[in-house]
Amino acid sequence: MESVRELTCIGCPMGCLVSVTMDGKEIKSVSGNSCANGDRYARREVTNPTRIVTSTAIVRDGDLPRVSVKTKTDVPKDKIFDVMKEINKIQAKAPVRIGDVLIPDVAGTGVPVIATRNIQKA
């Protein structure tokens, strides 16, 4: 059964409206994209959507109580809640530096969670 899924591409600043024609789980065509990024984004989004997760984590003995964090790369969209559960459990000890790995393999994804801000020791 053929279906069409419409997406707004986030592969570049253009924000093209991209249509993906599918026959079941098979991609038949991608149209509406202005660049190759749009084609890649649309194909990935309908078959295996991923996201970078950003949040904050508790810091002990720091000059600020929390540090901003993110996954170093995309994680599967269906793992976002598991990723957040793990981020919410951690407590980093100051000092924390940008790029410090706070969780080496979050939610079994193979992706590390890293600090995105420096926090000094109080």
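At distances below 3.5 Å, not a single donor-acceptor pair connects side-chain atoms of D82 with backbone N or O atoms of K79. Looking at E2, its side chain never comes within 3.5 Å of a backbone N or O of M22 through a donor-acceptor pair. N88 places a side-chain N or O within 3.5 Å of a backbone atom of M84 that can act as its donor or acceptor partner. N37 places no side-chain N or O within donor-acceptor distance of the main-chain N or O of Y41, the cut-off being under 3.5 Å.
Atom-to-atom distance recorded for I114:CD1 and I103:CD1 is 12.0 Å, nearest 0.5 angstrom. A distance of 5.5 Å separates CD1 of I52 from OG1 of T71, quoted to the nearest 0.5 Å.
A heavy-atom distance below 4.5 Å is found between the side chains of V30 and R43. By the 4.5 Å heavy-atom criterion applied to side chains, R97 and R117 are not counted as neighbours. Annotation: side chain of T56 is not in contact with side chain of V69 (no heavy-atom distance under 4.5 Å).
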As a quick check of understanding, evaluate side chain to side chain donor-acceptor pair (under 3.5 Å) for T116 and S68, giving each step before the final call. CA-CA 5 Å; T116 60; S68 56; 2.5 Å; yes
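Using a 4.0 Å cut-off between a side-chain N of Lys or Arg and a carboxylate O of Asp or Glu, D61 and K93 qualify as a salt bridge.
Considering L17, N33, V20 as possible partners of L7, the one that fulfils the side chain to side chain contact (heavy atoms under 4.5 Å, CB included) test is V20.
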